[in-house]
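From a predicted model like this one, the values you see are computed outputs, not experimental measurements. Throughout, a chain's letter reflects where its sequence line sits, starting with A, and its residues are numbered from 1.
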There are 2 protein chains.
Amino acid sequence: MRFLLIEDEKELAAALSTALGKHGIVTDHTMHLADAFELTRQNPYDAILLDRRLPDGEGLSFIPQLRRAGVDTPVIVLTARNEPLERVEGLNVGADDYLGKPFLVEELMARVRAVLRRPSNLVEPRIVAGRMVIDPLNLNVTIDEAALDFPRRELLVLVALAKRKDKTVLRSTLESAVYNYEEEIQSNALDAHISRLRKRLLEMGAGVTIHAIRGVGYLLREE
Amino acid sequence: MRFLLIEDEKELAAALSTALGKHGIVTDHTMHLADAFELTRQNPYDAILLDRRLPDGEGLSFIPQLRRAGVDTPVIVLTARNEPLERVEGLNVGADDYLGKPFLVEELMARVRAVLRRPSNLVEPRIVAGRMVIDPLNLNVTIDEAALDFPRRELLVLVALAKRKDKTVLRSTLESAVYNYEEEIQSNALDAHISRLRKRLLEMGAGVTIHAIRGVGYLLREE
DNA sequence: CCCTCAAGATTACGGCAGCATTGCGGGATT
DNA sequence: AATCCCGCAATGCTGCCGTAATCTTGAGGG
């Protein structure tokens, strides 16, 4: 397998290249979007790892350019800007996955495998949970076609739980679904969100309950 | 299935052909409108993909010519994404759908499927929102049959919201509905449009309200 | 069976991020 | 030349959300 890495931090790029090499992956590396486009014409990459903040501009703008040229190679966006809403932005312009720095190479590999296994990535997923229908890409929740208004953080918690409905979601997973690495929590803010979310779901008769798994995380279950 | 592709960018055409090939579609390709017409006489295509800017003229002029000859093959117009208003023109002369470049091949396929599934091709979608009837293709809004006049940007915001009536529309989605990639916003211009649009809708008794979903986006709801 | 302690649940409070509104001025259009 | 659109920025305000204090629940041990 052969990847294209578009990243301007040289040390990170070098480290990634060697790490990927241990998985049998050959990596081409460039710091510039202009070069990147040329490279994709010359090589059929299996995946593209794309940084957002680059010397010649916003990395995301590369994706439409690529798609316009008919290249449908999976793109995984790497960024320090791990604001959850920004992830959605990336996915909306055609990225296949999003990975916030810092990350473990193992996690990257897991996502790469997932993306490569996916036959078509444009299917708009929807989650049904109780009476709710959730569109995780547009952060949209409806009951009987009517949109519900959730505060941002509660909404992110809800989506993260609904994505793995009937399965326990680790506390740390929830935290990284709601907060980025700059934002740090020193209190029980997550617990507070869960509590407020529970109250709200009850009031609107959403048909789901959130259970605490002591010492592990939370779990959303249909009633 | 067999498609006719009328496109002068060779690279894009080649990429599209192979991509469509993966979906089991045979593609005939030409760069000239004159050839295209001949080809449609000889082959019963399932769909025609038509670029607007062509060496021998405006691609759109091909559609009336085709219809006059009694050919009702679905036509999907590929246009530069820059001008939202530009897309609309194509639909007025009888195109069945448009697709702004850049696009994902998967999106093209989704639209192709949609068009082929449509029983009658020249269906004119219309959105009813409150007292308004919106024709999103012609960017036309009426109340009681009377046409309303909107500033361009406010109109684009309104249509984007009305298309997803009762669903939240992400801020980033709205921005990309109103602005293209060259135009950049550094202020709360979108907020200003929303505010002015609200005022206007109120004055004319449109029967809809626009709600802010704090930290997420906006939502249009009927009163 | 009860006691203990840790983990979770709930809620008030206050700071501040994000939205609403509006005047201004430049530029496009007529 | 007049008008209107529209980006920009200043101002005011709403309510989200982090914090912490307090209460509740549950597991394990004696």
Starting from the C-alpha separation in whole Å, work towards a yes-or-no answer on side chain to side chain contact (heavy atoms under 4.5 Å, CB included) for A:T40 and A:I48.
-> CA-CA 9 Å; A:T40 60; A:I48 298 173; 4.0 Å; yes
Length of the line joining B:I213:CD1 and D:dG15:P, which is rounded to integer Å = 12 Å
Please figure out whether B:S187 or A:L190 has its closest DNA chain D nucleotide nearer the 5' end.
-> B:S187
Which residues satisfy the side chain to side chain donor-acceptor pair (under 3.5 Å) test with B:H211, sequence neighbours excluded?
-> B:T209
Contacts of type side chain to side chain contact (heavy atoms under 4.5 Å, CB included), residue B:A192, not counting sequence neighbours = B:R196
Would you mind reporting whether A:I210 and A:L201 have side-chain heavy atoms less than 4.5 Å apart?
-> yes
Rounded to the nearest angstrom, tell me the gap between atom CD1 in A:I210 and atom C1' in C:dA9.
-> 12 Å
Under the side chain to side chain contact (heavy atoms under 4.5 Å, CB included) rule, collect the residues that match up with A:S172, sequence neighbours excluded.
-> A:L170
Length of the line joining B:E154:CD and C:dA20:P, which is rounded to integer Å | 14 Å
Measure the acute angle between the ring planes of A:F62 and A:F37, then classify it against the limits of 30° and 60° as parallel, tilted or perpendicular.
-> perpendicular
Would you mind reading off the distance between A:K199 atom NZ and D:dC17 atom P, rounded to a whole angstrom?
-> 15 Å
Here the distance between atom P of C:dT21 and atom CG of B:L201, to the nearest Å, is 12 Å
Using the test salt bridge (Lys or Arg N to Asp or Glu O under 4.0 Å), find all partners of A:R200 that sit at least two apart in sequence or belong to another chain.
-> A:E154
Would you mind reading off the bend of the helix from C:dC1-D:dG30 to C:dT30-D:dA1 from its two end axes, five pairs each, to 10 degrees?
-> 40°
Residue set satisfying salt bridge (Lys or Arg N to Asp or Glu O under 4.0 Å) with A:D191, at least two apart, ordered chain then number -> A:R171
Is the shortest heavy-atom distance from the side chain of B:I76 to the side chain of B:L50 under 4.5 Å?
-> no
Short side-chain N/O contact to C:dC19 OP1/OP2 from B:H211, under 4.0 Å | no
Listed by chain and number, what are the salt bridge (Lys or Arg N to Asp or Glu O under 4.0 Å) partners of A:R131, not counting sequence neighbours?
-> A:D144
Under-3.5 Å N/O pairs linking protein and nucleotides 22-25 of chain D:
from   : atom 1 : to     : atom 2 : distance (Å)
D:dT25 : O2     : A:R214 : NH2    : 2.9

Run the numbers on B:F150 and B:L197 for side chain to side chain contact (heavy atoms under 4.5 Å, CB included), then give the verdict.
-> CA-CA 9 Å; B:F150 283 91; B:L197 180 57; 3.8 Å; yes
Which nucleotide sits closest to the side chain of A:P151: D:dC17, C:dT22, D:dC6?
-> D:dC17
Strictly below 4.0 Å, heavy-atom distances to any atom of DNA chain C: list the hits from residues 216-223 of chain A, or just say none.
-> A:Y218
Check the distance between C:dT21's P and B:I194's CD1 and give it to me in whole angstrom.
-> 10 Å
Which pairs with one or both residues in residues 206-218 of chain A pass salt bridge (charged side-chain N to carboxylate O under 4.0 Å, His left out), sequence neighbours excluded?
-> none
Gap between atom CD1 of B:I134 and atom CG of B:L155 - 0.5 Å precision = 8.0 Å
Pick base, sugar-phosphate or nothing for B:A212, based on heavy-atom distances below 4.0 Å to the nucleic acid.
-> sugar-phosphate
Whether over 12 other heavy atoms sit under 6.0 Å from A:D166 CG = yes
In chain order, what residues pass the side chain to side chain donor-acceptor pair (under 3.5 Å) check against A:E222, with sequence neighbours excluded?
-> A:K165
For the side chain of B:D191, starting at C-beta, report the closest nucleotide among C:dC19, D:dC6, C:dT10.
-> C:dC19
Should B:R198 be listed as having a side-chain N or O under 4.0 Å from OP1 or OP2 of C:dA20?
-> yes
Looking only at side-chain N and O atoms, does B:R152 come under 4.0 Å of OP1 or OP2 in C:dA28?
-> no
Is the phosphate of D:dG7, meaning OP1 or OP2, less than 4.0 Å from a side-chain N or O of B:H193?
-> yes
Please state whether the base of C:dT21 and the side chain of B:N188 form at least one donor-acceptor pair under 3.5 Å?
-> yes
Integer-rounded Å distance: D:dC5 P and B:L155 CG = 12 Å
Rounded distance (Å) that lies between atom P of C:dA9 and atom CG of A:L197 | 12 Å
Can you give me the N/O atom pairs linking the protein to nucleotides 23-26 of chain C at distances under 3.5 Å, or say none if there are none?
from   : atom 1 : to     : atom 2 : distance (Å)
C:dG23 : O6     : B:R196 : NH2    : 3.2

B:S195 side-chain N/O to C:dT21 phosphate OP1/OP2 under 4.0 Å | yes
Check whether any side-chain N or O of A:Y179 sits under 4.0 Å from OP1 or OP2 of D:dG18, and answer yes or no.
-> yes
